[in-house]
Amino acid sequence: MTIDCFSNIAFIPNDIWVAITIKVASDSIRDLCSLRMTCKAARDAGDSDIVHRSVFIPPPHATPWWWCLSPEAKRFFDRCMVAGHPELLFREALRELFIRHDENVGLQMLNSATSTGHAAAKYALTMTLLLRTDGNDEKQKGLELYRELDAAGSLADCKARCFSILTISWPSEVQMPHIEEQHTVCAVLRCSTSGHMPLLYDYRRRAAERNSVHAFGGAAHIPCIQRRADYDLQAFVNLP
């Protein structure tokens, strides 16, 4: 009975093996490694790009310290990057933008990750576009993306994700850009909410000094979407 059961493995189609491997990989890298050691079919399925794009990447605070020292782990994550893993593209894009200051490469990575539905990458792309000063097209695209995130209720979570990556992964290396007058999203001089902004900036600053979660919010009730974008832009460049 046992021999017959194991012999049937050879008749399972490869696409079924890939589907099973994706499910395992999206839960745990360790479980993926264990599955790959069971048989040749599982090992072959585990070599596919779609599996490497689906691997669960733990948050920085839960990442084993020895991964950065292991050549095997480095080769594995390099393969995930080549396959287009959205979380790794998002993290590497932040490194390119705010450590290496290579905006072209960073934007390319953020666009790739955003196209897969990665919300935090979409938020980082939004903020990066709003910081551009070389044309209004980028700002308009950034504002459109901001509206989408705002409508989905994803802004606070995305800000927290960016904060986690920037402050835990590279706490002393990050150099965020400074906000200048030309970065302002809302250009309406008589905007009804403009008088509230200094108080909100002060509220956010004090909350950040106390490491309060309220440092990530505070502007959701502002009716002007451009003013909310201005506020979140200030919060973003002051994340680290």
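As the structure is a computational prediction, the values presented were derived from the model and not from experiment.
- Under a 4.0 Å N-O distance rule, the pair Glu92/Arg95 qualifies as a salt bridge.
- A 6.0 Å sphere centred on CD1 of Ile168 holds more than 12 heavy atoms belonging to other residues, nucleotides or ligands.
- Across every non-hydrogen atom of Leu88 and Cys80, the tightest pair is CD1-CB, 3.5 Å.
- Partners of Tyr123 under the ring pair (Phe, Tyr, Trp, His ring centres under 6.0 Å) rule, at least two apart in sequence or in another chain, are Phe236.
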Output a table of donor-acceptor pairs, distance under 3.5 Å, between side-chain atoms of residues 58-69 and any protein atom two or more places apart or on a different chain; print 'none' if there are none.
unit_1 : atom_1 : unit_2 : atom_2 : d
Thr63  : OG1    : Pro59  : O      : 3.0

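- Residue pairs meeting the salt bridge (Lys or Arg N to Asp or Glu O under 4.0 Å) criterion with at least one partner in residues 12-37, sequence neighbours excluded, are Arg36-Asp47.
- Rounding to the nearest 0.5 angstrom, the gap separating the OG1 atom in Thr114 from the CG atom in Leu125 is 4.5 Å.
- Shown here for Phe56 and Ser28, the closest heavy-atom pair between the two residues is CB-N, 4.3 Å.
- To the nearest 0.5 angstrom, Leu89 atom CG is 5.0 Å from Met81 atom CE.
- What you find for Ala93 and Gly106 is that their closest heavy atoms are CB-O, 3.6 Å.
- Residues satisfying the ring pair (Phe, Tyr, Trp, His ring centres under 6.0 Å) test with His85, not counting sequence neighbours, are none.
- Glu148 meets the side chain to side chain contact (heavy atoms under 4.5 Å, CB included) test with Lys122, Leu145; sequence neighbours excluded.
- Look at Lys74 and Asp78 and you find a salt bridge, because one of the NZ, NE, NH1 or NH2 atoms lies within 4.0 Å of a carboxylate O, short of that distance.
- Taking each heavy atom of Ala42 and Trp17 in turn, the nearest pair found is CB-CZ3, 3.8 Å.
- Using a cut-off of 4.0 Å between Lys/Arg side-chain N and Asp/Glu carboxylate O, Arg91 and Glu96 are scored as not salt-bridged.
- The distance from the CG atom of Leu94 to the OG atom of Ser169 is 9.0 Å, given to the nearest 0.5 Å.
- How far CG of Leu233 is from CG of Leu131: 4.5 Å, rounded to the nearest 0.5 Å.
- Interatomic distance, OG of Ser34 versus CD1 of Ile29, reported as 12.0 Å (0.5 Å rounding).
- Of all heavy-atom pairs spanning Val237 and Pro177, the tightest one is CB-O, 3.5 Å.
- Checked for salt-bridge contact, Arg100 and Glu173 miss the test: no charged N lies under 4.0 Å from a carboxylate O.
- Listed by chain and residue number, Glu103, Leu110, Thr128 satisfy the side chain to side chain contact (heavy atoms under 4.5 Å, CB included) test with Leu97 (two or more places apart in sequence, or in another chain).
- Between atom CD of residue Gln175 and atom CG of residue Leu166 there is a gap of 12.5 Å, rounded to the nearest 0.5 Å.
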